[in-house]
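Each remark here refers to the structure printed beneath this line.
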Amino acid sequence: MMSQPPLSQQKQELHVRPQSEDVSGETLEDSLPPPRFPPEEEANLLNESNQKKSEANTLFSSAKYENAINRYEEATAICPHYLDYELAVLKSNIAACHLKLEQYKEAIQSATESLDSLSRSEKAALEPAAKSGEETEKDADEDEAEEEIVSAGAQKSGPAIVEETEAQQAAPRRQDDILRIRAKALMRRARAKSELGGWSNLSGAEEDYKALSTMKNLSSADERIVRTQLRTLPPRVKAAQEKEMSEMWGKLKDLGNGILKPFGLSTDNFQMTKDEKTGGYSMNFSQTQPPQGS
């Protein structure tokens with residue numbers, strides 16, 4: 001009779017078994033929704049997080065931006081991780097603090113995290129309302145079917161009145177809140193990218209301002225800022241692009257000269273000629289060397 005391995009070894013072997021995966025390669029744990037706190041505990045955590053946020057708002061109003069960031073981050077750490085809308089508000093406020101401190105990279109990161117959370121929140125807000133709507137419609141259909149059975153005149157009656165559920169009533173309000181915070185986060189990220197400069201950042205700022213120009217919930221002051229930025233950004237983007245392209249070609253030229261030098265050549269031996277008809281380029285080689293100094 002074979003002896004059984006020790007219990008500790010059995011546990012270890014069980015622990016290292018691979019997790020089951022679906023066809024997309026995701027583990028079972030990845031596909032499960034994030035765990036939620038019990039309602040009472042969730043309410044307590046959210047209340048504590050809101051208290052920290054209130055303290056941070058007071059610090060922000062007093063221009064104590066570093067301290068405000070710390071309080072907002074404490075509120076973020078306390079807030080249940082699946083409450084995406086509440087987290088988006090906190091991240092947007094953190095972005096505002098970084099803007100005041102001229103910490104533009106950090107402002108961009110916080111504003112982007114806020115926008116990501118808003119996207120998840122929007123999806124989560126729409127799903128229960130849609131599901132509730134389907135269930136209500138199904139119930140109404142069942143009620144009509146039952147009415148047809150018990151009443152001979154049911155075919156002439158009007159459609160059943162469908163009352164909105166609580167989820168359906170709350171969905172438009174939450175959507176308005178999401179749009180309001182999205183506008184703030186986009187304004188803050190766009191400004192930070194514009195201030196930081198560079199081809200990539202300026203292009204990103206232009207895209208954010210374009211998105212803002214389609215939103216209907218901007219204040220008059222924000223609308224003026226958006227219009228102004230959409231006028232001034234394109235030439236800045238072009239100038240930044242030309243500058244970075246020139247610098248890139250300069251570095252490539254230096255690299256090429258280093259490689260060609262042992263062969264008595266340089267990048268000056270190669271000239272790019274544009275074909276005006278096709279828009280393409282051809283490379284011409286010339287052995288003529290520039291005059292050497294005595």
Side-chain angles (χ1 to χ4, degrees), residues 49-81 83-122 176-215 217-241 243-244:
S49 177
N50 286 336
Q51 289 177 357
K52 295 289 185 183
K53 183 177 75 171
S54 180
E55 294 173 10
N57 290 343
T58 301
L59 291 167
F60 183 90
S61 300
S62 303
K64 298 178 180 178
Y65 304 120
E66 290 282 4
N67 292 335
I69 290 174
N70 293 334
R71 283 291 187 278
Y72 282 130
E73 288 180 343
E74 289 176 7
T76 301
I78 295 169
C79 182
H81 63 278
L83 297 181
D84 290 304
Y85 173 77
E86 287 76 7
L87 291 170
V89 173
L90 293 168
K91 291 293 185 179
S92 180
N93 290 352
I94 292 173
C97 293
H98 285 304
L99 273 177
K100 291 291 187 180
L101 295 168
E102 299 184 358
Q103 298 170 344
Y104 299 124
K105 289 183 179 180
E106 292 82 357
I108 292 169
Q109 180 180 347
S110 295
T112 300
E113 290 174 354
S114 174
L115 292 166
D116 291 342
S117 292
L118 286 174
S119 296
R120 292 191 296 270
S121 178
E122 188 172 33
D176 288 343
D177 291 337
I178 289 172
L179 289 175
R180 178 172 55 84
I181 301 303
R182 177 173 286 132
K184 289 186 176 183
L186 277 172
M187 288 291 293
R188 289 162 182 169
R189 186 173 73 174
R191 181 187 163 192
K193 287 184 174 182
S194 179
E195 294 286 352
L196 193 59
W199 181 16
S200 177
N201 285 318
L202 292 174
S203 297
E206 186 178 16
E207 290 302 313
D208 283 347
Y209 282 122
K210 285 180 179 178
L212 285 160
S213 69
T214 66
M215 301 181 72
N217 61 332
L218 300 184
S219 66
S220 298
D222 286 344
E223 287 179 350
R224 287 194 296 272
I225 292 172
V226 170
R227 288 195 298 267
T228 300
Q229 290 295 328
L230 287 177
R231 285 197 305 270
T232 60
L233 272 172
R236 293 182 62 198
V237 172
K238 184 178 180 181
Q241 178 186 9
K243 179 183 177 182
E244 291 186 20

* **All side-chain hydrogen bond (donor to acceptor under 3.5 Å, both in side chains) counterparts of Asn57, not counting sequence neighbours** => Tyr72

* Test item: Ser121 side-chain N/O and Leu118 main-chain N/O as donor-acceptor pair under 3.5 Å -> no

* Tell me, please, which residues at least two apart from Arg182 pass salt bridge (charged side-chain N to carboxylate O under 4.0 Å, His left out). => Glu122

* Asked: Excluding sequence neighbours, so at least two apart, what forms side-chain contact (heavy atoms from CB on, under 4.5 Å) with Ser219?
  -> Ala221, Asp222

* **Interatomic distance, Leu218 atom CG to Leu186 atom CG [nearest 0.5 angstrom]** => 9.0 Å

* Mind checking what makes salt bridge (charged side-chain N to carboxylate O under 4.0 Å, His left out) contact with Glu66, not counting sequence neighbours? -> none

* Output, in order, the C-alpha distance, side-chain angles, deciding distance and verdict of side chain to side chain contact (heavy atoms under 4.5 Å, CB included) for Asp208 and Met187. => CA-CA 8 Å; Asp208 283 347; Met187 288 291 293; over 6 Å; no

Below 3.5 Å, can you tabulate the donor-acceptor pairs from side chains in residues 83-93 to any protein atom, sequence neighbours excluded?
residue	atom	partner	partner atom	Å
Asp84	OD1	Arg120	NE	3.2
Tyr85	OH	Arg180	NH2	3.3
Lys91	NZ	Glu113	OE1	3.0
Ser92	OG	Arg188	NH1	2.7

* Can you sort out the partners of Thr112 under side-chain hydrogen bond (donor to acceptor under 3.5 Å, both in side chains), two or more places apart, ordered by chain and number? => Arg189

* For the pair Leu101 and Ile69, evaluate side chain to side chain contact (heavy atoms under 4.5 Å, CB included) and give the outcome as yes or no after the intermediate values. => CA-CA 11 Å; Leu101 295 168; Ile69 290 174; 3.8 Å; yes

* side-chain contact (heavy atoms from CB on, under 4.5 Å) partners of Glu195, counting only residues at least two apart -> Tyr104, Arg191

* Of the non-hydrogen atoms in Ser114 and Ala185, which two are nearest, and what is the gap between them? -> OG-CB, 3.8 Å

* Asked: CD/Gln229 to CG/Leu202 distance, rounded to the nearest 0.5 angstrom?
  -> 9.5 Å

* What are the two closest heavy atoms between Lys193 and Gly204, and how far apart are they? -> CD-C, 3.8 Å

* To do: Apply side-chain contact (heavy atoms from CB on, under 4.5 Å) to Thr58 and list each qualifying residue two or more places apart in sequence or on a separate chain.
  => none

* Structure fact -> Sorted by chain and number, sequence neighbours left out, side-chain contact (heavy atoms from CB on, under 4.5 Å) with Lys100 holds for Phe60, Tyr65

* Asked: Can you name the residues that form a salt bridge (charged side-chain N to carboxylate O under 4.0 Å, His left out) with Glu74, not counting sequence neighbours?
  -> Lys52, Arg71

* Nearest 0.5 Å please: distance from the CG atom of Asn70 over to the CD atom of Glu55. => 12.0 Å

* Asked: Looking at Cys97 and Ala68, what are the two nearest heavy atoms and their distance?
  -> SG-CB, 3.9 Å

* Under a 4.5 Å cut-off applied to non-hydrogen side-chain atoms, are Leu196 and Lys105 in contact? -> yes

* Hey, does Ile94 have a side-chain heavy atom less than 4.5 Å from the side chain of Thr76? -> yes

* Asked: About how many Å separate OG1 of Thr214 and CG of Leu212, when rounded to the nearest 0.5 Å?
  -> 7.5 Å

* Asked: Are a donor atom and an acceptor atom from the side chains of Glu106 and His98 found within less than 3.5 Å of each other?
  -> no

Mind listing the side-chain donor-acceptor pairs of residues 232-240 below 3.5 Å, one per line with the distance, residues two or more places apart or on another chain?
residue	atom	partner	partner atom	Å
Thr232	OG1	Thr228	O	3.2
Arg236	NH1	Ser194	OG	3.0
Arg236	NH2	Ser194	O	3.1

